[in-house]
Amino acid sequence: MVEKPDVGELTPPDRTLMGPGPSEVHPRVLRAMSTPLVGHLDPSFIEIMNEVQDLLRYTFRTDNQWTIPVSGTGSAAMEAAIGNVVEPGDTMLVPTNGYFGGRMEEMATRAGGEVVHVDAPWGEPLDPADVAAAMDEHQPDVFGFVHAETSTGVLQPQVPELTDVAHDHDAIVIADTVTSLGGVELKVDEWGIDVAYSGPQKCLSCPPGAAPLTLNDRAMDKVLSREEDARSWYLDLSLLEGYWGDDRSYHHTAPITNVYALREALRLVAEEGIEDRWERHRENAGALKAGVEAMGLEMNAPDDYWLPSLNAVRVPDGVTDTDVTSYLLDQYDLEIATGLGDLEGDIFRIGCMGYSSRAETVSYLMAALGDALSEQGADVDVEAGLAATARKLGEQ
Ligand SMILES: *Cc1c(COP(=O)(O)O)cnc(C)c1O
């Protein structure tokens, strides 16, 4: 006999989300999600699809016709990019300086690709000279890099230099922009990025479920002239072309509610203006950074490649990272994350993404973090930290 489970009403805690994603969802996006469904082939939904595509182009700064939300989370868009562009026998050059370069490697391998590496330590960006050397040595067909490495809080600078080197070697460039799209400066066309994928629940402040992807004609030509079908039927872009392209024929049922949500989240981006949105992220995270530094803590990334949407802060002496994150969750309903991989135990990862990037959330985080650290015996100057944050926020 299978017992009837006794499950009560849904009452999750009311958290302030300042981890590596999901970020807080804007109330307008939550409201859009309670809009009644239409069919995924309804003429009114076709119109909504067009609007979402236009808004995605605006946010990615691209004219690419091939700009769509992929059903699923950021990893689905990632696998759609890698699984379609990388053909069996292709060589893909991937970075070793963070968690998500490793995921690129796994996906490229499953797609039948040979993987080669360009190295940099966790916590540092790629050096274009190293990329050039790896290009000369391996002549890869595809080059992947992570624009905003969420595992280390590092922003990859000099993107146009990387894409120039890759194009000199006829490689297609795939950029992971999951933690940069809508949060930090990103110009897909101007910077020569051939393929970019992202996620909805980071700087777009949308629930996970429909993930941005854009490909230029050069990349799409490679995809459409593959000799062997992509290994995933669900993510096969040559089939998805039937739905998101001119035909509008059934492939799989679009996640209607997530498309509504993404539309509203992107409308908020356009209302704010993309440059102003980048600036807001820099200012609010700048106030956070000034505060933690005045408190006596250290950012893991130097200023040149500091990532405003994900702030990696060194764990001070005398405290254990997980004790601090548990305390923040228990006492303040506040989520931040600890380090991963090579930086496990060494850093806190504090997201400042989308709707979570506000003066209120930054002030709250600073007060809560100051309390947690002093409570647990770290030598921090909480007053100085709060004052520095308040000063920066007051300047805005
Ligand atoms: C979150 C993230 C992903 C994966 O996205 P999911 O939505 O978790 O599938 C990929 N790359 C980077 C840089 C990320 O931060």
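First listed ligand is number 1; within each ligand, the first listed atom is number 1. For the single chain, residues carry numbers from 1 onward in sequence order.
In this structure D54 satisfies the salt bridge (charged side-chain N to carboxylate O under 4.0 Å, His left out) test together with R57, sequence neighbours excluded.
Put simply, the side chain of E3 never gets that close to the backbone of P5: no donor and acceptor are under 3.5 Å apart.
The distance from atom CG of L93 to atom CE of M135, rounded to the nearest 0.5 Å, is 5.0 Å.
Under the 30°/60° scheme for interplanar angles, the aromatic rings of F143 and F145 are found to lie parallel. Ring orientation note: the planes of Y234 and H251 are tilted relative to one another, at an angle of 30° to 60°.
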Give every pair made of an N or O atom of ligand 1 and a protein N or O atom lying under 3.5 Å apart, one pair per line with both atom names and the distance to 0.1 Å, or write 'none'.
residue	atom	partner	partner atom	Å
ligand 1	7 (O)	G74	N	2.9
ligand 1	7 (O)	Q201	NE2	2.6
ligand 1	9 (O)	T73	OG1	2.6
ligand 1	9 (O)	G74	N	3.4
ligand 1	9 (O)	S75	N	2.8
ligand 1	9 (O)	S75	OG	2.5
ligand 1	11 (N)	D176	OD1	3.4
ligand 1	11 (N)	D176	OD2	2.7
ligand 1	15 (O)	T150	OG1	2.4
ligand 1	15 (O)	T179	OG1	3.1
ligand 1	15 (O)	K202	NZ	2.7

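Of the N and O atoms on the side chains of D217 and W66, not one donor lies less than 3.5 Å from an acceptor on the other residue.
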